[in-house]
Colleague: 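For reference, the structure I am asking about is given below.
No experiment lies behind these values; they were computed from the predicted model shown.
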Amino acid sequence: MSNNLRMPLAIISALLPLALLGCQTNSFNHSAQTSTVIDDKNWSAATLKPRLFQTITGYNWQLTQVSNDKGKLTRLNLQPPLTMDVRPDLLTFDDGCYRYIVSFDMWLPLPYPYTQASIQDTTKSPVTAADCTAIYQATTQDWRGNTIIPSDTAYLLNATFKPYAGTNFTFVPALPQSVRATKTLEKQLALRTDKGKTLIFTGTPKPERPVAGILLTNELLEGYRWQLLQVTDQTGAVMSEFTQTEKPITLSYGLDNYGDDESDEKNGFESGIYGQSFGISVGCNGVSGPYTLSINQNLLTGGFPSTMMSCGDTIDDIESRLRHMMAYSTSRLILTHADNKATIAQSEQSYLLTQTLDSGETLIWKNEPKKIP
């Protein structure tokens, strides 16, 4: 079921201490008002700013507090809870009835003014609550074909994604407010908007499982350039066209640097390192976007704008297919020694990086020294 509404992010200003009804019932504790405290010990000091977003993707988040009109935080106990999943360029909210996928731009520099967020799609939640049945049956469409969901939650989320609202938001680590949260490894995350609204999410770590091969780190990914050796499709058949190009296809990961100017300083942008990105060179336009190396060596990617020069049908086709595979994707990475030798210096190591995408393709990359300008 699709919702074609495209509206900039004002979701935060709507998620105030209002009744999120429909699928949910509220229990407010009006006496428990707190202020956001930055968790310098467990978040900021141990996590580089450019890695903060990556860290966030390793948790399951649940909305527990919202700011009121005076900026104070009020505790919530939503049943079923409103959850948030985070990945590059996407926030996914799930209220137990419907799933709301919100896209946003994250290629601007610190302090992360994520912008242009809007509803991309609305579908039934995989975990359907019994009291959602009436809502599903009563779903209608407007004259443009947009899905209308008759629940207060849906109304609240959709009504606040107003066109051209221009709301930006940032993620800020927050200090857990209870001993119980600390003992269970919970973290708290503040989602703040430039409109003065704050949502507090409590996060629990996503389950970890053993990973094959060598433990993969950002430093290993970013320390080399990776040349594409082989691509296979969902059936295991080799797609030889990807390795028969005039120039080899290469992949690089890195931290992005930004040098601001006077106009950017006025907007609060900071100079320095501000994010993680990947870039694929095919000898023409290229494919790039933000990336995170999340839990269990899952690679999550978004997408950046790119030039659209025509470089011949063959290169154009390969570049288009790589963009379809690699941008806005999820894949699992396995790093192994190409020559079974693990005793030489890391700078001389020969690695194979196997990337298995959720779409079914498998790409094998080999490291080579990264050229430093």
Colleague: Write down the atom of Q230, the atom of T232, and the distance for their closest heavy-atom approach.
Modeller: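 It is NE2-CG2, 3.6 Å.
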Colleague: For a quick test of reading the model, state the closest non-hydrogen atom pair linking F53 to T292 and the distance between them.
Modeller: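 Result for this residue pair: CD2-CG2, 3.8 Å.
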Colleague: Using the salt bridge (Lys or Arg N to Asp or Glu O under 4.0 Å) rule, collect all pairs that involve residues 352-368, keeping only residues at least two apart or in two chains.
Modeller: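 Counting only pairs at least two positions apart or across chains, the salt bridge (Lys or Arg N to Asp or Glu O under 4.0 Å) contacts touching residues 352-368 are R225-E368, R332-D358.
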Colleague: Under the side-chain hydrogen bond (donor to acceptor under 3.5 Å, both in side chains) test, which residues partner T336, sequence neighbours left out?
Modeller: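 Checked T336 against side-chain hydrogen bond (donor to acceptor under 3.5 Å, both in side chains); zero matches.
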Colleague: Examine the side chains of S331 and T356 and answer whether a donor and an acceptor come within less than 3.5 Å of each other.
Modeller: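 Side-chain D/A pair, S331 to T356: absent.
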Colleague: Applying salt bridge (Lys or Arg N to Asp or Glu O under 4.0 Å), name anything that partners R87, two or more places apart in sequence or on another chain.
Modeller: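 With neighbours one apart ignored, the set is empty.
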Colleague: May I ask you to test the L221-L216 pair for a side-chain heavy-atom distance under 4.5 Å?
Modeller: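 The answer is yes; the side chains approach within 4.5 Å.
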Colleague: Please give me the minimum heavy-atom distance between P290 and F304, naming the atom from each residue.
Modeller: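 Looking at all heavy atoms of both residues, the shortest contact is CD-CE2, 3.2 Å.
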Colleague: Please enumerate all residues that pass side-chain hydrogen bond (donor to acceptor under 3.5 Å, both in side chains) together with T314, with sequence neighbours excluded.
Modeller: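 In terms of side-chain hydrogen bond (donor to acceptor under 3.5 Å, both in side chains), with neighbours along the sequence ignored, T314 is linked to no residue.
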Colleague: Report the residues that fulfil ring-ring contact (aromatic ring centres under 6.0 Å, His included) with Y291, sequence neighbours left out, ordered by chain and then residue number.
Modeller: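 With neighbours one apart ignored, the set is Y253.
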Colleague: Mind checking who shares a hydrophobic cluster with I364, ILVMFWY linked at side-chain heavy-atom distances under 4.5 Å?
Modeller: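 Via sub-4.5 Å side-chain contacts, I364 links to L229, L352.
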Colleague: For the residue pair N367 / Q227, report whether a side-chain donor-acceptor contact shorter than 3.5 Å exists.
Modeller: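 Short answer, no.
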Colleague: Looking at every non-hydrogen atom in both residues, tell me the closest pair between W365 and L251 and how far apart they are.
Modeller: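 It is CZ3-CB, 3.4 Å.
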Colleague: Please give me the minimum heavy-atom distance between T217 and L293, naming the atom from each residue.
Modeller: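 It is C-CD2, 3.8 Å.
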Colleague: Not counting sequence neighbours, which residues clear side-chain hydrogen bond (donor to acceptor under 3.5 Å, both in side chains) with S281? List them please.
Modeller: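 Once residues adjacent in sequence are excluded, S281 has no partner under the side-chain hydrogen bond (donor to acceptor under 3.5 Å, both in side chains) criterion.
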Colleague: Pairs in or reaching into residues 200-210: which pass salt bridge (Lys or Arg N to Asp or Glu O under 4.0 Å), with residues at least two apart or in two chains?
Modeller: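 Sorted result for residues 200-210: D85-K206.
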Colleague: Charged N to carboxylate O under 4.0 angstrom, K370 versus E219?
Modeller: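 Looking at E219 together with K370, the answer is no, because their closest N to O distance does not fall below 4.0 Å.
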Colleague: In terms of side-chain heavy atoms, does T83 have a donor or acceptor partner in Q62 at a distance below 3.5 Å?
Modeller: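 No.
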Colleague: What pairs meet the salt bridge (Lys or Arg N to Asp or Glu O under 4.0 Å) rule with one or both residues in residues 240-258, with sequence neighbours excluded?
Modeller: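 The answer is E241-R321.
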Colleague: Which pairs pass disulfide (SG to SG under 2.5 Å) with one or both residues in residues 274-334, sequence neighbours excluded?
Modeller: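 Of all non-adjacent pairs touching residues 274-334, those that pass disulfide (SG to SG under 2.5 Å) are C284-C311.
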Colleague: Please give me the minimum heavy-atom distance between S288 and G279, naming the atom from each residue.
Modeller: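 Taking S288 first and G279 second, the nearest heavy atoms are CB-CA, 4.1 Å.
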Colleague: Could you check whether any side-chain heavy atom of Y59 comes within less than 4.5 Å of a side-chain heavy atom of L189, counting everything from C-beta outward?
Modeller: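 Sidechains of L189 and Y59: no contact.
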Colleague: What residues, two or more places apart in sequence or in another chain, satisfy side chain to side chain contact (heavy atoms under 4.5 Å, CB included) together with T235?
Modeller: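 If we apply the side chain to side chain contact (heavy atoms under 4.5 Å, CB included) test to T235, skipping adjacent residues, the hits are D233, A237.
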Colleague: Who pairs with N298 by side-chain hydrogen bond (donor to acceptor under 3.5 Å, both in side chains), at least two apart in sequence or on another chain?
Modeller: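 Scan of N298 (side-chain hydrogen bond (donor to acceptor under 3.5 Å, both in side chains), adjacent residues dropped) gives none.
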